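Below is one structure; the comments refer to it alone.
Everything quoted here is computed from the prediction, not taken from an experiment. We use all heavy atoms of the structure for the numbers below, so side chains are in, but hydrogens, waters and symmetry mates are not.
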Amino acid sequence: MRPISGAFKRPRLYFKGHKNVKDATSTVRVRFAPSPTGHLHIGGARTALFNYLYARHTGGVFILRIEDTDRERSKEEYTAAILASMAWLGLEWDEGPLFQSKREGLYQAGIDRLLAEKKAYRCYCSTEELEEKRKLAEANKQKPMYDGTCRDKDLPARDAPYVVRFRSHNSGVTDFLDLIKGRIVFENKELDDLIIRRSDGSPTYNFTVVIDDMDMGVTHVIRGDDHVNNTPRQIQIFEALGYPVPAFAHVPLMLGPDRSRLSKRHGAKSMTEYIDEGYLPEAMVNYLARLGWSHGDQEIFSIAELIEKFDIADVGKSAGVFNPEKLEWLNAHYIKESDPKALAGRLLPFIEARGYGSPDAPWLARAVVTLQERSKTLVEMAEMGGFYFTDEIAYDPKAAAKFLTADVAAPFRALAERFGSVSPWETGAIEAAFAEVIEGLGLTLAKLAQPLRVALTGKTVSPGIFEVIEVIGRDRVIERIGRAVAFIEGNEKK
RNA sequence: GACCCCAUCGUCUAGUCUGGCCCAGGACACCGGCUUUUCACGCCGGCAACAGGGGUUCGAAUCCCCUUGGGGUCGCCA
């Protein structure tokens, strides 16, 4: 094989004929395997997305597997949340969800087989002993590894707690061709004998992964970079079991603003939180895809385009920092591009959550049109448009002091009077009527627009005043102007 | 500490494999300007990077080596 060094691209050329690379004619089968010990976070979502895109791009199969072998920390509510988040993102899986907790027999059979073939052995070392040795190694600045005390003793099962360890090679190397990073080599002496069955009898991660990937016919393992170090161990297990080794693609991690692994501390939020904050799945998918993957200078991708263009060869090798501003920009972009009716449907729950009731859909779509180009999230949209959804608008004190002054009372009355006969009730006619009134009074548009905005919305910032007038509706507008006049006159008496 | 990986604007990245088209392109953010009934949107412009050092070569962001920096992993978690 040609030596691989330095810059690395086009893996398929390099990988042709390598043992752990599937030939292009077999059907691609990939899987996303979250563990239900927490919500789906942004990094996991990206891994899921890459798997999904690769499956769809190649016409392959996308499998969802729930790795719930940690009985202490796994919770059903997390499984439900992960499934819901994936559905929100539009990442439909073809097979599953399969639960490892329901496949216990498969793992036990595999372990027993390895034990019978002496490729695994019983180890009676206690946790305390191990912990002590680990500390000692650390104190000596050595890599903490199991020292192989029970490795060659061929100990039988007896009435004492024991674990089963995988007997790994202790010389030579284990290497693989990572579809993203290229050839990665490990000295086998760096690998210790990992536990594959706990003393309570349950199988461990590194073993269940191998069994499942084999059983499910997984051809490409696309997962986070943090699994690179598990790979040589898993390869050895595949080989010990006599199974073909799948291809691996380790996606670089997503980092926080301080360049360390993204964690809750940096605001690494769950998908659920982004949903609640009013992000659109299109924006999230687009953002996630572009963090680590690129296609020339293109920034905006529909899901169909991603499926068409996504290739593991175009995934970068270095870790990327999560950038909330760019996500926000994309969200604003997709809000602007959305069909108003569809967007109104998505906005509705946010309006209801704020106690504004459930506005009529066609009317809400009209309000949405005026809000689209100035909202970055659906939350912002619901808040900004509050004056549409309730008549209990509160005047911003500063705005009222500045614009709801005695001199606008008379023009307001004239406006209300004139609005009573505007027909049809739409921005063009409204604007014409407004122009008529200010002309008659010798005022300018600028002079009266802001006070009116405050009267109608309570604020100095809003969509275009004529659109606002149209959408709020004739009766409510006249009502609000009347209330503003009363407010002004009330102030005068003081 | 050991092992593994990575290294282009503040951030995401194009360009690196197949050296010259790159005194490095796009996007976010930021800063100006234009537009304007407010705020936005939009448009125009600006700021800003090949980590350092050696090689190889007529020529290196691109190939090689070293250094430095960053990240990951070292669990009866996954």
Side-chain angles (χ1 to χ4, degrees), chain A residues 4-11 13-14 33-35 37 67-70 72-74 100 123 127 130-131 134 137-145 161-165 178 181-182 184-187 190-192 194-200 202 204-206 208-209 224-232 250 252-253 255 257 259-261 287 290-300 313 316-330 332 336 371-376 384 399 431 434 444-450 452-454 457 459-466:
Chain A
I4 296 168
S5 57
F8 170 82
K9 265 288 173 71
R10 309 234 169 149
L13 284 177
Y14 280 116
S35 84
T37 52
E67 307 213 325
D68 54 352
T69 50
D70 184 341
E72 300 270 302
R73 297 189 300 151
S74 294
Q100 290 193 321
C123 168
T127 316
L130 261 19
E131 190 53 38
R134 198 178 349 260
E138 269 167 27
N140 291 334
K141 306 203 179 220
Q142 294 291 304
K143 184 173 180 171
M145 290 203 289
Y162 66 88
V163 299
V164 175
R165 286 181 187 272
D178 191 280
K181 294 171 182 291
I184 300 179
V185 189
F186 289 86
E187 293 285 338
E190 297 292 338
L191 275 22
D192 63 358
L194 80 164
I195 292 170
I196 57 177
R197 179 154 74 199
R198 301 182 183 94
S199 50
D200 69 359
S202 63
T204 60
Y205 168 76
N206 280 104
T208 57
V209 164
D225 213 350
D226 49 336
H227 289 285
V228 168
N229 292 283
N230 290 327
T231 308
H250 288 98
L253 294 181
L255 272 24
R259 302 207 66 87
S260 70
R261 190 178 175 167
Y287 179 74
R290 274 291 284 108
L291 210 186
W293 172 85
S294 62
H295 184 78
D297 284 338
Q298 190 172 343
E299 296 287 349
I300 306 293
K317 291 196 278 189
S318 52
V321 175
F322 173 69
N323 182 199
E325 282 84 24
K326 192 149 183 179
L327 205 212
E328 209 171 53
W329 171 74
L330 278 164
K336 278 187 282 247
L371 265 9
Q372 269 176 298
E373 66 188 20
R374 60 203 94 219
S375 309
K376 289 196 175 91
M384 192 183 304
E431 184 165 4
F434 190 96
T444 59
L445 171 62
K447 189 85 179 162
L448 202 51
Q450 277 305 76
L452 185 58
R453 192 185 308 279
V454 176
T457 72
K459 298 172 292 186
T460 53
V461 173
S462 85
I465 191 69
F466 303 115

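- Comparing the C1' positions of B/rG52 and B/rG72 gives an interatomic distance of 24 Å, to the nearest angstrom.
- For A/T69, the listed nucleotide lying nearest its side chain is B/rA78; candidates were B/rC4, B/rG71, B/rA78.
- In this structure, A/K336 NZ and A/Q372 CD are separated by 10.0 Å, a value rounded to the nearest 0.5 Å.
- Among B/rU37, B/rA78, B/rC6, the nucleotide with an atom closest to any side-chain atom of A/S35 is B/rA78.
- The interatomic distance linking A/E373 (CD) with B/rU35 (C1') rounds to 13 Å, in whole Å.
- You'll find a donor-acceptor pair under 3.5 Å spanning the side chain of A/S199 and the base of B/rC76, going by distance alone.
- Comparing B/rA61 with B/rC17, their P atoms are spaced 12 Å from each other, to the whole Å.
- When distances run from any side-chain atom of A/W329 to the nucleotides B/rC3, B/rA27, B/rG72, the shortest one goes to B/rA27.
- Atoms NE2 (A/H250) and C1' (B/rG71) sit 15 Å apart, rounded to a whole Å.
- Atom CD in A/Q450 sits 10.0 Å away from atom CG in A/L445 (nearest 0.5 Å).
- In this structure, OH of A/Y205 is placed 15 Å from C1' of B/rC74, rounded to the nearest angstrom.
- A/T208 OG1 to A/R197 CZ: the interatomic distance, rounded to the nearest 0.5 Å, is 13.5 Å.
- Taking the side chain as every heavy atom from C-beta outward, A/L330 and A/I300 approach each other to under 4.5 Å.
- Under 4.0 angstrom from either OP1 or OP2 of B/rG70 there lies no side-chain N or O belonging to A/S260.
- Counting non-hydrogen atoms under 4.0 angstrom, A/N140 reaches nothing in the nucleic acid.
- Using a 4.0 Å heavy-atom cutoff across all strands shown, A/P161 reaches no nucleic acid atom at all.
- Residues passing the side chain to side chain contact (heavy atoms under 4.5 Å, CB included) test with A/D192, sequence neighbours excluded: A/M145, A/Y146, A/R233.
- A/Q372 has its CD atom 13 Å from the C1' atom of B/rA40, to the nearest Å.
- B/rG32 and B/rA24: their P atoms are spaced 25 Å apart (whole Å).
- Comparing the C1' positions of B/rU67 and B/rG25 gives an interatomic distance of 30 Å, to the nearest angstrom.
- Ring geometry for A/H227 versus A/Y205: interplanar angle of 30 to 60°, hence tilted.
- Side-chain proximity of A/V461 to B/rU38, B/rU37, B/rA78: nearest is B/rU38.
- Distance from the side chain of A/N229 is smallest to B/rU73 among B/rU73, B/rA78, B/rU37.
- Taking atom CG on A/D178 and atom P on B/rG72, their separation rounds to 18 Å, with Å as the unit.
- Position along RNA chain B of the nearest nucleotide to A/L327 versus A/H295 favours A/H295 as the more 5'-ward residue.
- Taking atom P on both nucleotides, B/rC9 is separated from B/rG53 by 16 Å, rounded to a whole Å.
- Proximity of A/N323 to A/W329: side-chain heavy atoms (C-beta onward) are nowhere separated by under 4.5 Å.
- Taking the C1' atom of each, B/rA27 and B/rG15 are spaced 15 Å apart, rounded to whole Å.
- Nucleotide B/rG42 has B/rC34 as its partner under the Watson-Crick or G-U criteria, with both atom distances under 3.5 Å.
- The side chain of A/V163 sits closest to B/rC76 out of B/rC76, B/rU38, B/rC6.
- Of the candidates B/rC76, B/rC6, B/rG1, the closest approach to any side-chain atom of A/K141 belongs to B/rG1.
- Remark: the backbone N or O of A/H250 is not paired with any side-chain donor or acceptor of A/D225 at under 3.5 angstrom.
- Here A/K317 reaches the OP1 or OP2 of B/rC6: one of its side-chain N or O atoms lies under 4.0 Å away.
- Using a 4.5 Å heavy-atom cutoff, the side chains of A/I184 and A/T231 are not in contact.
- Only the P atoms considered, B/rC21 is 36 Å distant from B/rC4, to the nearest whole Å.
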Polar pairs (N or O, both sides) under 3.5 Å between protein and nucleotides 10-13 of chain B?
from   : atom 1 : to     : atom 2 : distance (Å)
B/rC12 : OP1    : A/V321 : N      : 2.8
B/rC12 : O2'    : A/R290 : O      : 3.0
B/rC12 : O2     : A/K326 : NZ     : 3.4
B/rU13 : OP1    : A/G292 : N      : 2.4
B/rU13 : O3'    : A/S294 : OG     : 3.1

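- Residue A/V209 is out of contact with every strand shown, counting any heavy-atom pair closer than 4.0 Å.
- Side-chain atoms of A/K336 lie closest to B/rC41 of the nucleotides B/rA29, B/rC41, B/rA40.
- Nucleotide B/rA2 is matched to B/rU73 when pairs are restricted to Watson-Crick or G-U wobble geometry with both distances under 3.5 angstrom.
- One C1' atom belongs to B/rC63, the other to B/rG71, and the distance between them is 25 Å to the nearest Å.
- Under the Watson-Crick or G-U wobble criterion, with both distances below 3.5 Å, B/rG20 is paired with B/rC58.
- Between A/L452 atom CG and B/rU37 atom P there is a gap of 15 Å when expressed in whole angstrom units.
- Rounded to whole angstrom, the span from the CZ atom of A/F186 across to the P atom of B/rU73 amounts to 13 Å.
- Nucleotide B/rC47: unpaired (no Watson-Crick or G-U wobble partner with both distances less than 3.5 Å).
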Take A/V321 and A/L291 through the side-chain contact (heavy atoms from CB on, under 4.5 Å) test and state the conclusion after the steps. CA-CA 8 Å; A/V321 175; A/L291 210 186; over 6 Å; no

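- If A/D226 and A/R374 are placed on RNA chain B by their nearest nucleotide, the residue sitting closer to the 5' end is A/R374.
- Residue A/R197 is out of contact with every strand shown, counting any heavy-atom pair closer than 4.0 Å.
- As a whole-Å value, the separation of A/E328 CD from B/rC28 P is 13 Å.
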